[in-house]
Amino acid sequence: MSDGGGDVTDGGKPGSPEPGASARTPGGRFDTDRLIMAFGGPVLALGVAVLLTSVVLLLSGRNPVEPYVLMVEYAGNADIQVNILNRSTTYYIAALAVAVGFRMNLFNIGVDGQYRLAAVIAAIVGAAIELPAPLHVLAIVLVAMLTGAFWAGIAGILKTTRGVSEVVSTIMLNAIATSIIAYLILPAQFGEQRGNNLTTGLIPESGWFPGFDTGPGGVIYGFIVVAVLLGVLYWLVLNRTRFGFDLRATGASQSAAAASGVDAKRMVFTSMVISGTVAGMAGMPVLLGDSHTYSLVFPVGVGFTGITIALLGRNHPVGIALGALLIAFLDIASQTLDFNGYEREIATIMQGLIVIAVVVSYEAVRRWGLRRQQQRVGEELAAQAAGAAGGNSQNLSKGASA
Amino acid sequence: GTSTESSGDKGAAIAYDVGGRGDQSFNDAAYAGLQRAQDEFGWEGEDLEPSDGESDADKASRLKELARQGYNPVIGVGFAYAGPIAEAAEAYPDTTFGLIDDEQAKGDNIVNMVFSEEQGSYLAGVAAAHATETDVVGFVGGVEVPLIKKFEAGFVQGVKDTNPDITVKSQYLTQPPNMNGFSKPDLGKEAARGQLDAKADVIYHAAGLAGQGVIEAVAARGEWVIGVDSDQYAQKTLAPYKDSILTSMTKDVPDAVYELIKSVEDGDPQSGVVRYNLETDGVALSESNPAYKEMTDLTAAVAKAKEDIIAGRITVNTTP
Amino acid sequence: MHAIVGENGAGKSTLMKILYGMQKPDEGTITVDGEQVTLHSPADAIARGIGMVHQHFMLADNLTVLENVVLGSESLHGIGGKARAKILEISEAYGLGVRPDVLVEDLGVADRQRVEILKVLYRGARTLILDEPTAVLVPQEVDALFDNLRELKAEGLTVIFISHKLGEVLSVADDITVIRRGTTVASVHPRDVTSKQLAELMVGSELPVPETRESTVTDRPVLTVEGLTVRIHDAEHGHRTVLDEIDFTIHAGEVLGLAGVEGNGQTELVDALIGLRHADAGTIRLGEEDITGWATRKRREGGVGYIPEDRHRHGLLLEAPLWENRILGHVTEKPNSNGYWLKPKEARADTERIVEEYDVRTPGIEVTAASLSGGNQQKLIVGREMSHTPRFLIAAHPTRGVDVGAQAQIWDQIREARHEGLAVLLISADLDELIGLSDTLRVIYRGRLVADADPATITPEELGTAMTGAASGHLEHEEGPQDARPGDDTDGAQNEENEHE
Amino acid sequence: MSTVVTTKPTPPPSPHQRADRRRLTLAQWMLVIAAGLALFSAVRLITDANGITSTGQVSAALRLAVPIGLAGLGGLWAERAGVINIGLEGMMILGTWFGAWAGVQWGPWTGVVFGIVGGALGGLIHAIATVSFGVNHIVSGVAINILAVGVTRYLSKFTFDTMEGGTEKQSPPIDSITSITVPGLSDWMRDLNNEHWFFVSDLAGIVGGLVTNLSLLTVVALLMVPFSWWVLWHTSFGLRLRSCGENPTAAESLGVNVYKYKYLAVMISGGFAGLGGVFLAEVAANIYQEGQTGGRGYIGLAAMIFGNWMPGGMAMGAGLFGYADSLNLRGGGTNVHALLLFLAILLALAVVWEIYRRKWVTALVAGVTGLGLFAYYLSVDEVPSQFVSAAPYVATLLVLALSAQRLRMPKANGRPYRKGEGK
Ligand SMILES: Nc1ncnc2c1ncn2[C@@H]1O[C@H](COP(=O)(O)OP(=O)(O)OP(=O)(O)O)[C@@H](O)[C@H]1O
Ligand SMILES: Nc1ncnc2c1ncn2[C@@H]1O[C@H](COP(=O)(O)OP(=O)(O)OP(=O)(O)O)[C@@H](O)[C@H]1O
Ligand SMILES: [Mg+2]
Ligand SMILES: [Mg+2]
């Protein structure tokens, strides 16, 4: 649990702390060890993933380099960059939601369901009410947050009162959310049929979140600002508040946290609710910035991508941002592979390889760091002891001769 | 990129809906239309698949990219492209955009290719009502979305108009946005078995690939199944079961796509809503199964119903 | 019978693990029966007749005794009836009283110890390694164990055993090797050395004594516990009462020592006092306030300090830096935070102070707790708890696994605080420590306080008798040969529950 | 010898303690099941929803349960050795692809073998990552799930797409595996079932469903449940494997090669998931189909947790999912409506039980839920199809909420283990 919040996944738990990054060298100066700890993992991982993907390409008789070039070139287009940015905004919030859980060893697979349910209810409410501009947006976001919190809270309650594993209950709740949504958007309920699509009706313009128009590139969701603030808030709360300390402590060692005065059950419930609240906001960039309604074509599976990204970003807000950009880049830029006769599944394979490579290399670097630190502690102590040897030697010799 | 590049020499492009090529449903059908045009006009063309969980913006940029590269026309398969096509059509006014299964997006350079599936399904209902001996028939839909409900509505009306005493069992495999119902044959199989156990002896499916499970289950019991989208009697993968495929409700997407491309090639692009219904043979019942043609009562009734619909004596509902 | 002694971390366990093939030596040779061997894994060692009982139990809780015993040596007698017969036979022969079909989690420590020994015997070991087998046993059980070992020795087996209790070592060992910092510093015969000399060999300095001279006990009650009852309800075990009507009062400046065999309710008592377990009946008062319903945090804020029994589980975040560990448990208090916001700078500065004052051997406060040695970790915990000037301190095994130097320091800290009016509940398996440090002694047995004694006069043996349940009431020191009537049951409450429905 | 140990004449007297552990005997289990069935039957008679225990329903439930159960067994094997396997879904996908690929070319049984191998390959990757590299188990599982999707899609473009009758998303048809129907018995049971008598017809429906139109692969899959139980609990291999999930350091100290057993367990786990995949491709359908597994790996994991990491319990969990799925697919509206009543009655019983145990809050929650269900039961004639598809998940949540606290997972499950680093 370093102050910088740099987190790795160790063997046991997805959210446990990273010793190395926090290990400012005893004197407090930066050194190569620390640099290796911070950048070794990701760089090694990307390299390995790219290498392995190239091997796959070679094996199937394809050019092993061109796909990357194509993708990078494609991402040079302004509108593609805007798309990548917009999509990573959604991913980012979803991943933050997952990360909140991970930081205390809760595995919220239910982010997807929370996100979808929150988007539907927020869309229904948003279309039904009329408020002046900023308030309307605020109301919609609030509804989304509450819905997400409620849906995750069910899993939280089941875990704290009945001991139901959140992994199982959130899988179930995802499926149940699907049914509820299907019911809610029926024309007989709150839905509207538009052609072959079902929607929840259009939110009036007062409920739209203004974006940044880049001209030819298109509009960047204004919600990106909220996402950034959310990341800052996440960092502040986790690293600078007593609540965050409790949460991280619970993640690092449930038993130690309990003995330190953290009410573990309440913590589980609270963090589940927070995770759900954030998950509820994940649908807002698209809802408020683009679609202005929930329909059958609203993006799905965002919560699962969020899991991948939270893992890639090691639950750190900056790491998650990079992870979200990377995955969004692979998702969107892989489009160009189709244009050029490559299979775009290459990007999916690469995503899988990146995840594996990243965690393996993080783990390798983490172990290396831990060993290295112990060694240094040992060495420094030995050096100290040697320095003080004059005083001790008498005792020692006396002991030995007795 | 500017619209002046769209000279048409790169040919047509298709952007698929979820499922993409190989869905043996309308994505494949659209591709068939593209292929026909490729053969005729000699260009390569392009077809692109969506990625999982993408938003409208991603679809829009896919369409724009195609237009930017000079493809014309650019065709979006499925109602999911309604919003994106409206956006892309505005950005590239000289490119013609085709939109299958939706008439919401409007524009001078947008062609809405819509099908009256309910009319064809009505005929399927008439056929089923004549073919049944147990007075129980079934409908299996892939995912409970409005498009598929249109099939159900026409089918039920066709059956009831023919014989109100017949029971129609309706079953959907999954609820949106869980689109598994179009791709899990095992679900189709169990649903069909359930209806067969409930004495249904004719089952109409609108379940995409999952429909293969329906067909397999029905064929195993030697009852009748009615296929969908293309003439499933003629499909190679279904050859072992073809004797049980009474007929299929075909939706002539290939032709619609081809006609659009041709109009662009001919320099006189279509525009606005182009409706494919019984009158234009855009939807129809296939007749390739000899056993079907032998049922003269049935074929006569179907022909009569078709006439009545075309003449406007019968209006078919689009929702159940 | 060969004894190995050395201070904590001297390398005793490491050496034994090498002998048992669990770790590889960098250099040197091992010779078994005159033949030089290389041991790659425990399997090699077992094949050569070496068996080891580890310092920490190596048992799978959710497997039965039989499964634990046959594991890895299924080829000997299978895993069914034949194995069961063999186990019963060995158990009979050495009087181990092992029941093959119970789950290990249902056994008390002494029973587990016997299972461990049986595991080794089952494999036909000729050389037995026992790593601190007596740490968790009461004196009577220790005697019994040594009788067992003597019997094994009579049958020609070799026993290597490790112990910190020098009296034991001197009374049973035929040879003693002393190691320090990973090297042999002496090989001696028990008759040539006194326990004091041996200790000095081990540490290279004089032994500290945990004695409290003058009494500082006041008549101001700090902690009053009345009728405290805790029951455990779970699906696996049903209902059982683990603490039964506990009453005691600790006054300012008083150290109350609690003696008892592990598993007789000490853990539950500590949990109930710190608020990790809720009381089914009874009250706990801190000063004038009734804290029975308070949450752990509120109790800690109210002045309860806690040195946990298991520092890794309850005292530290192993992979967090020292300064964050300094915050742990006191996150709401100064200097760590002002109410809601943390103050890392102040926390860091205060950690530096603790490191300095409590002589935590570390190169800095940014290193993780895991990289400190156990003793230094413990010093950090003691420093942390003392920094908040508690009114009442729960000290569970405060010097367990800590070397003699650090031990003395910790004792000093406790004495000093006691002098200033701190009330301490001291729990320890080390009876010398208990007797030396306490002002009052109580004995817990099967969840009840069954006896009390005056630390000024009582001997460890007498205390041990009460711990087995064989004596109760006020224990008076008797001169002359002690009547060590062993109880008929030596495992505690874990094994037996007092039904209260 | 006068030692404490030996003066202890008999083992410690703790007769009550064992009695406190509620472990039902086989007979008691049978009784509980029979009572459940009787209640079920009563509900059927009250509501006239004969579908809920019809032969077809049960037989469909079985077919739908098998892939879930196989995935669940996969999870069980891995977790018993201490490795969490959330990559089951991916291993299942590999199973469908490899099974179909080989099945199309060399016949269904070769397909079965290849499917198992494909799943086991996924398991091998998981084992390398988690056991050798000590990577977090969940992360590795998630990565395998992504990877499996990418790899199978990619491979399909080079294989199925070029085959006659296949596309890039679908394989050509695979020859089917023989199905058996126990002659006589099957018909007899069906007739009995059609009588709609109390209890007897329900029992007949269940037995009939289990002997009708049974693919040989279903038989194999069913046998895997007792087989797993036997191997894990009655062989030394199983003992060693389980010891790695309970206390690997102890196992290591007795000469057990923990890495080896973990590797084997995770590969076997993948093999089972792969078999589940093959079942989907060859029995449930007769083609490989992209997206065919549809989250069944996760459901299998849920079934295993539901079953308390025991094969029998896991099979019950899988059965519950299969049954609820089959309800959903076979005109669920009326049947699920009937089951609302069943659930309400069960909850009423739970209320009584919790009151007896003085768990007032639980009783209250169960009571309110039960009343809610009952009110809903009365207010509608048929459950909307949207809610029918939620039935399996709601049922599972309810069952877990009523029983989860008894769950016990292997102690070292999910923990990293390094040789020689144990304390
Ligand atoms: N390979 C190694 N390199 C360096 N140090 C090591 C190595 N292996 C063990 N150590 C250290 O050597 C010391 C010896 O530990 P060991 O457990 O053997 O002590 P011990 O004498 O048994 O102490 P205790 O009385 O506490 O049981 C420990 O500090 C341990 O961390
Ligand atoms: N590979 C290594 N090389 C050098 N020093 C090491 C190495 N590994 C660990 N150390 C250091 O050696 C010390 C060993 O800590 P350990 O907990 O094993 O101590 P210990 O000897 O058991 O002491 P205690 O009796 O206080 O528990 C630590 O300070 C650790 O940082
Ligand atoms: Mg040791
Ligand atoms: Mg140590």
Side-chain angles (χ1 to χ4, degrees), chain A residues 74 77 79-80 82-84 86-87 90-91 112 116 174-175 178-183 185-187 191 193-198 216-219 221 285-286 289-305 328 330-332 334-339 341 344-345 347-348, chain B residues 1-2 13 15-18 20 44 46-62 64-66 68-69 71 78-84 87 91 99-105 112 114-115 117 143-150 172 174-180 318-319:
Chain A
Y74 186 61
N77 294 324
D79 60 335
I80 300 305
V82 169
N83 279 354
I84 291 177
N86 282 343
R87 199 186 293 197
T90 301
Y91 284 171
D112 203 58
R116 283 186 285 126
N174 277 345
T178 300
S179 297
I180 293 180
I181 294 168
Y183 182 75
I185 63 170
L186 287 179
Q193 187 167 342
R194 300 178 140 257
N196 285 322
N197 204 348
L198 282 176
V219 180
Y221 297 155
V286 173
D290 183 17
S291 71
H292 311 301
T293 182
Y294 184 95
S295 74
L296 292 180
V297 298
F298 207 79
V300 293
V302 167
F304 291 96
T305 314
L330 286 174
D331 271 359
I332 291 174
S334 61
Q335 187 96 66
T336 189
L337 296 180
D338 266 343
F339 282 118
R344 63 195 290 194
E345 283 69 31
T348 315
Chain B
T2 61
Y16 294 119
D17 195 1
V18 184
E44 268 288 308
E46 182 63 275
D47 58 317
L48 295 181
E49 305 208 1
S51 56
D52 300 331
E54 65 178 22
S55 67
D56 279 2
D58 301 310
K59 291 196 173 72
S61 67
R62 178 176 314 123
K64 286 188 211 163
E65 174 69 15
L66 286 167
R68 171 164 54 209
Q69 296 204 5
Y71 291 100
F79 64 85
Y81 279 97
E87 192 184 325
L99 178 55
I100 298 179
D101 269 352
D102 187 278
E103 48 187 316
Q104 298 292 311
N112 307 91
V114 290
F115 295 82
E117 293 92 348
V143 183
E144 195 163 355
V145 290
L147 178 65
I148 305 299
K149 284 189 151 179
K150 228 161 130 188
Y172 287 92
T174 62
Q175 296 294 328
N178 177 0
M179 296 292 165
N180 280 332
T318 54
T319 49

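Just so it is clear: chains get the letters A, B, ... in the order the sequence lines come, proteins before strands, and each one is counted from 1. Note that these values count all heavy atoms, side chains included, but never hydrogens, waters or copies made by symmetry.
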Which portion of A:T178 sits near chain B, non-hydrogen atoms under 4.5 angstrom
both
Contacting moiety of A:I185, where chain B heavy atoms sit under 4.5 Å:
neither
Closest heavy-atom pair and its distance - A:L198, B:P146
CG-CG, 3.4 Å
Measuring from A:N86:CG to B:D56:CG, what's the distance to the nearest 0.5 Å?
12.0 Å
Quick check on A:L186 against chain B: is it the side chain, the backbone, both or neither that has a heavy atom closer than 4.5 Å?
side chain
Relative to chain A, which segment of B:Q104 carries a heavy atom at a distance below 4.5 Å: side chain, backbone, both, or neither?
side chain
May I ask you to name which of B:A80, B:G78, B:A82, B:P176 has the most heavy-atom pairs under 4.5 Å with chain A?
B:P176
Set out, in order, the CA-CA distance, both residues' side-chain angles and the distance that settles side-chain contact (heavy atoms from CB on, under 4.5 Å) for A:N77 and B:E65, then state yes or no.
CA-CA 10 Å; A:N77 294 324; B:E65 174 69 15; 4.1 Å; yes
Nearest 0.5 angstrom please: A:Q193 CD to B:T318 OG1, how far?
7.0 Å
For the interface with chain B, which of A:F298, A:Y183, A:Y74 has the highest count of heavy-atom pairs at distances below 4.5 Å?
A:Y74
Between A:N197 and chain B, which part of the residue has a heavy atom less than 4.5 Å away: side chain, backbone, both or neither?
both
Give, as side chain, backbone, both or neither, the part of B:T174 having an atom under 4.5 angstrom from any heavy atom of chain A.
neither
Between A:V297 and B:F79, is there a side-chain heavy-atom distance shorter than 4.5 Å?
yes
Heavy-atom pairs under 4.5 Å with chain B - which of A:T336, A:V219, A:L296 has more of them than the others?
A:L296
Checking the side chain of A:R344 only, and the main-chain atoms of B:E49 only, is there a donor and an acceptor separated by less than 3.5 Å?
yes
With a 4.5 Å heavy-atom cut-off, do A:N196 and B:V145 have their side chains touching?
no
Would you call B:D58 and A:R87 a salt bridge, using N to O less than 4.0 angstrom?
yes
Just so I understand: if I count every heavy-atom pair under 4.5 Å between each of B:D47, B:I148, B:L66 and chain A, which residue has the most?
B:L66
For the residue pair A:N83 / B:S61, report whether a side-chain donor-acceptor contact shorter than 3.5 Å exists.
yes
Side-chain contact, heavy-atom cut-off 4.5 Å: B:R68 with A:D79?
yes
